[in-house]
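See structure below.
The chains referred to below are lettered A, B, ... by the order of the sequence lines, with proteins before strands, and numbering in each begins at 1. Small disclaimer: the values here were computed from a predicted structure and weren't measured.
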Number of protein chains: 2
Amino acid sequence: MNIGQAAERSGLPAKTIRYYEEIDLIHPSRAANGYRDYGDQDLHRLCFLQRSRSLGFTIEECRTLLSLYDDEQRASADVKQIAKMKIDLIEKKIKELNSLKSTLSVLVKNCHGDDRPDCPILDDLAGKRSVETI
Amino acid sequence: MNIGQAAERSGLPAKTIRYYEEIDLIHPSRAANGYRDYGDQDLHRLCFLQRSRSLGFTIEECRTLLSLYDDEQRASADVKQIAKMKIDLIEKKIKELNSLKSTLSVLVKNCHGDDRPDCPILDDLAGKRSVETI
DNA sequence: TATAAACCTTACAGTAATGGGAAGGTCAAC
DNA sequence: GTTGACCTTCCCATTACTGTAAGGTTTATA
């Protein structure tokens, strides 16, 4: 199938699919007219990539996961470890965002938010700690 | 003061400070030898940038916040709105990450994680929905 | 048959917000 | 006087794409 159909079926933009080829994640064959030609195996790989990217794995992690997927001798522990590491990173990011949110929420709560010019948010950003922001 | 000291006092790398100048967020004067020379006002702006960046505002948001900060006639509501929008974005991101985490956790839980090759994580990525992943 | 639209191709540039490193000028200390 | 710690500009790399230009191919329609 052409790239357009591969895009539609995998849920990835054609542009992204070409990019994945450029960085050696996929190697479709070419039709006589020079068009890329995707087989079922290729489509499968694209779907794998779409799913793993959407789960937050980086391109390089996807590359590793794909190679593990290709390797019939892999140990499931290897895959599990990558996924666990990812969970840890996600947890860390969530904590960071929660902390940011708390700080911003305190600032917003303390800002009267009308047309007067005095603003605790700007005061805080400027280093005037008028409010306890956790 | 030189860029090194401005960096130390603001908590921003010198490289970043030069970048902020390049994109017109700050305009330090120059000493006779060509070195950048930061005054108290400049340092203040750098600290403002450091704080607002660390709170998750993008550079362009920082630019807006700085211009509001400079504007004696601003309405605090304008600032509040930007901060609120940021909170919404942060909340959305947190939800996304929680969802990712749940999915990955289910996959990890279902993977025996030993040296056998069968792996529910890879199966899921490959589109074989063997597990309910929310 | 002509032509227009809908595909496809490559190649180059841009994004956000820095980080790294080269090549070279300046300054303070010993 | 020379070493080492600064500073300068300039260009390239990062992540994972996205946009655009210039052009070739295929398909549908007038």
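Atoms CD1 and NZ, on B:I121 and A:K84 in that order, are 9.5 Å from each other to the nearest 0.5 Å. A distance of 15.5 Å separates OH of A:Y35 from OG of A:S29, quoted to the nearest 0.5 Å.
For D:dA16, neither phosphate oxygen OP1 nor OP2 lies less than 4.0 angstrom from any side-chain nitrogen or oxygen of A:Y20. Here B:N33 reaches the OP1 or OP2 of C:dC27: one of its side-chain N or O atoms lies under 4.0 Å away. Within the structure, every side-chain polar atom (N or O) of B:Y19 is placed at least 4.0 Å from both OP1 and OP2 of C:dG19. Between A:T16 and the phosphate of D:dT18, there is a side-chain N or O to OP1/OP2 separation shorter than 4.0 Å. For D:dT9, one of the phosphate oxygens OP1 or OP2 lies less than 4.0 angstrom from a side-chain nitrogen or oxygen of B:R36.
Rounded to whole Å, the distance from CG on B:D24 to C1' on C:dA17 is 16 Å. Rounded to a whole Å, the CD atom of A:E21 is 12 Å from the P atom of C:dA11. For B:E60 and C:dT15, the CD to P distance is 11 Å, given to the nearest whole Å. As a whole-Å value, the separation of B:R18 CZ from C:dA17 C1' is 16 Å. Here the P atom of nucleotide D:dT26 and the CG atom of A:D37 are 13 Å apart, to the nearest Å. Here C:dC8 presents its P atom at 9 Å from OH of A:Y38, a figure rounded to the nearest Å. In this structure, A:Q50 places its CD atom 15 Å from C1' of D:dC17, rounding to the nearest Å. Rounded to an integer number of Å, the gap from CG of A:L12 to P of D:dA16 is 14 Å.
A:R53 comes within 4.0 angstrom of the backbone, heavy atoms only, and of no base. Backbone-only engagement by B:I3 is indicated by non-hydrogen atom pairs under 4.0 Å involving sugar-phosphate atoms exclusively.
Neither side chain, A:D42 nor A:H27, offers a donor N or O lying under 3.5 Å from an acceptor on the other.
Counting only distance, with no hydrogens or angles, the side chain of B:D71 and the backbone of B:S67 share no donor-acceptor pair below 3.5 Å. Judged purely by atom type and a 3.5 angstrom limit, B:E61 uses its side chain to pair as donor or acceptor with the backbone of B:T58.
Of the listed nucleotides (C:dA17, D:dT8, C:dT9), D:dT8 has the atom at the smallest distance from the side chain of B:R30. Set against C:dA17, D:dG24, C:dG19, the side chain of A:Y35 has D:dG24 as its closest nucleotide.
Annotation: of the two residues near DNA chain C, B:T58 and B:A32, the 5′-most nearest-nucleotide partner is B:T58.
We find that A:K101 and B:D88 are not joined by a salt bridge, their nearest charged nitrogen and carboxylate oxygen being 4.0 Å or further apart. The residues B:E21 and B:R18 are annotated as not salt-bridged, no charged nitrogen and carboxylate oxygen being separated by less than 4.0 angstrom.
Checked against salt bridge (Lys or Arg N to Asp or Glu O under 4.0 Å), B:R74 has no partners two or more places apart in sequence or in another chain.
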Check the interface with nucleotides 20-23 of chain C: list each N/O to N/O pair with the protein under 3.5 Å, or write none.
| residue | atom | partner | partner atom | Å |
| --- | --- | --- | --- | --- |
| C:dG20 | N7 | B:K15 | NZ | 3.0 |
| C:dG20 | O6 | B:K15 | NZ | 2.4 |
| C:dG21 | O6 | B:K15 | NZ | 2.4 |

